[in-house]
There are 2 protein chains.
Amino acid sequence: MNIKMEMEPGVPTYAALRDRLRAEILSGKLPAGARLTTASLVERFGVSQMPVREALQSLEGEGLIEIAPHKGAAVLPLDVSRVRNIYDLRGALEALLIRLAVPNLSNRAMAQAAALHDRMKAEVASGDPADLFSLNQQFHQLLYRHAENTEAFNIYNRYASLLGTLRETYGFSKARANQMMDEHQEILDALRAQDERRLVTIIEHHCDGAKLDMLALMQDDKQHVHPSLRDNA
Amino acid sequence: MNIKMEMEPGVPTYAALRDRLRAEILSGKLPAGARLTTASLVERFGVSQMPVREALQSLEGEGLIEIAPHKGAAVLPLDVSRVRNIYDLRGALEALLIRLAVPNLSNRAMAQAAALHDRMKAEVASGDPADLFSLNQQFHQLLYRHAENTEAFNIYNRYASLLGTLRETYGFSKARANQMMDEHQEILDALRAQDERRLVTIIEHHCDGAKLDMLALMQDDKQHVHPSLRDNA
DNA sequence: AAGTGGTCTAGACCACCTT
DNA sequence: AGGTGGTCTAGACCACTTA
């Protein structure tokens with residue numbers, strides 16, 4: 001099997017490989033603990049060692065696999081304790097970013113945020129929140145971009161997209177979606193009032209809510225089987 | 001010139017190259033904006049393209065250079081605004097880590113932290129704080145390790161070591177060293193009392209103090225010349 | 001001492017930016 | 001179209017782990 005048969009031109013082999021492996025990990029096809037040896041990947045995808053190595057290093061940077069020197073790569077578990085860690089990390093970053101953003105937010109940015117909020121409310125009310133996940137990401141990114149702290153913003157984005165993929169798998173609980181809307185409204189109000197202290201309190205509460213909802217969804221998954229592999233999936 | 005002539009066995013070429021380039025960037029020999037073309041590095045160090053590419057990617061991951069697709073790599077400025085960003089980021093991480101660490105700290109860990117604190121006080125009192133920088137790093141790492149949040153801890157370490165290198169260049173101001181000792185004492189007291197709220201307040205103040213001291217040292221450097229290149233260096 | 005994993009070279013080729 | 005930068009291959013060699 002040669003991965004290049006199905007490659008669009010312009011996409012480097014290592015990127016195609018990375019995306020492919022990432023999808024397999026997040027879908028559960030490659031479960032936690034699965035070993036990824038260079039040799040097997042070289043054979044499986046019909047490429048040489050270098051692009052395989054680069055793809056693996058990239059996935060290690062994303063936190064999806066772990067490369068132990070002279071032992072090879074293995075898929076990391078995305079279990080409850082790691083998910084909690086990542087939510088805590090993201091929460092700390094969000095508290096910083098929103099605080100730094102306050103003085104930089106323009107009226108135009110505020111209007112855009114309010115517009116996104118309205119679209120989300122409409123979706124939740126309609127009972128079909130198909131884009132809720134994407135809109136929510138846009139909402140937070142829009143605000144945090146104004147913090148003008150590239151370092152923190154980049155790290156936030158890396159982990160937000162990891163958690164985003166989890167969300168796409170598990171979805172939002174109905175209660176959480178409603179609560180989210182209320183909290184977004186509070187965030188917008190506090191931003192207008194430029195009330196930093198309240199803002200940090202709200203954001204921390206917002207992040208904790210997201211964390212607890214996700215952890216509950218994961219715990220409820222009593223069969224300990226990845227959602228994509230369940231019968232009703 | 002071949003870098004391998006001066007390489008200890010067991011150290012891969014890309015690692016030697018990475019370390020060498022990092023040192024040149026941080027020492028100011030490669031100033032902000034300097035372009036690092038693969039071709040010139042291949043020629044200069046007598047190696048092939050692959051290790052050069054890996055070294056550059058690694059430095060990009062550390063935030064020292066920027067690789068623009070099809071335009072090549074360039075040294076990023078480590079200027080006042082970026083340093084401020086990184087201090088803010090590190091501060092947010094420290095607040096999180098200390099909060100998470102509180103319930104996990106053992107008596108043994110507390111004793112070790114207190115011992116490090118005593119050694120630092122002795123150094124500052126003696127007027128020759130040669131190891132202050134390293135002891136300070138050990139002090140904070142010891143505490144934050146107990147947060148048991150690998151993700152946050154790793155990112156903290158990455159940026160702490162970058163700022164550490166800056167500190168090695170600029171040193172501590174005398175006033176800052178004394179203030180640091182007082183703040184460490186407060187941290188130890190609050191840890192013993194398991195007073196989370198106070199702890200976060202102190203840590204934030206501690207990080208802000210470090211940031212302001214460093215920014216002042218950088219601003220004072222009126223000639224806008226890297227310290228290592230000054231006459232009196 | 002195998003066996004596995006990690007890295008390097010040399011040359012070729014492809015993709016994108018600049019004229 | 002030319003130049004630069006980016007990537008791939010194939011094969012070789014080195015280093016570490018395991019038995």
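Residue numbering restarts at 1 for every chain, and letters A, B, ... go by the order of the sequence lines.
Side-chain proximity of A:Q49 to the nucleotides D:dC8, C:dT7, C:dT9 is greatest for C:dT7. Taking every side-chain heavy atom of A:Y14 into account, D:dT7 is the closest of C:dT7, D:dT7, D:dT9. With D:dA10, C:dT9, D:dT7 as the choices, the nucleotide that has an atom nearest any side-chain atom of B:S48 turns out to be C:dT9. When distances run from any side-chain atom of B:H70 to the nucleotides C:dG5, D:dG6, C:dA10, the shortest one goes to D:dG6.
Between the CE atom of B:M50 and the C1' atom of D:dC13 there is a distance of 16 Å, rounded to whole Å. If you measure from atom CZ of A:F45 to atom P of D:dC8, you get 14 Å, rounded to the nearest angstrom. B:E54 has its CD atom 17 Å from the C1' atom of D:dG5, to the nearest Å. Between the CD atom of B:E66 and the P atom of D:dG5 there is a distance of 15 Å, rounded to whole Å. Atom CG of A:L41 and atom P of C:dT4 are 15 Å apart (whole Å). Atom CZ of A:R35 is separated from atom C1' of D:dT17 by 11 Å (rounded to the nearest Å). Across the protein-nucleic acid pair, A:E43 atom CD and C:dG5 atom P stand 13 Å apart, rounded to whole Å.
The pair A:E54-B:R53 meets the salt-bridge criterion, with a side-chain N (NZ, NE, NH1 or NH2) lying under 4.0 Å from an Asp/Glu carboxylate O. Ion pairing between B:R99 and A:D88 fails under the 4.0 Å rule for side-chain N and carboxylate O. With respect to the salt-bridge test (charged N to carboxylate O, under 4.0 angstrom), the residues B:R167 and B:D213 qualify. Ion pair A:E62/A:R22 flagged as a salt bridge, since at least one NZ, NE, NH1 or NH2 atom sits closer than 4.0 Å to an Asp/Glu carboxylate oxygen.
Distances shorter than 4.0 Å separate none of the side-chain N or O atoms of A:R53 from OP1 or OP2 on C:dG5. The phosphate of D:dC8 has OP1 or OP2 within less than 4.0 Å of a side-chain N or O from A:T13.
Along DNA chain D, the nucleotide nearest B:P69 and the nucleotide nearest A:P69 are compared for position; the residue whose nucleotide lies closer to the 5' end is B:P69.
Among the atoms of the strands shown, none is found under 4.0 Å from any heavy atom of A:A15.
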Take A:R20 and A:E24 through the test salt bridge (charged side-chain N to carboxylate O under 4.0 Å, His left out) and record every step on the way to the result.
-> CA-CA 6 Å; A:R20 173 74 168 262; A:E24 294 193 355; 3.3 Å; yes
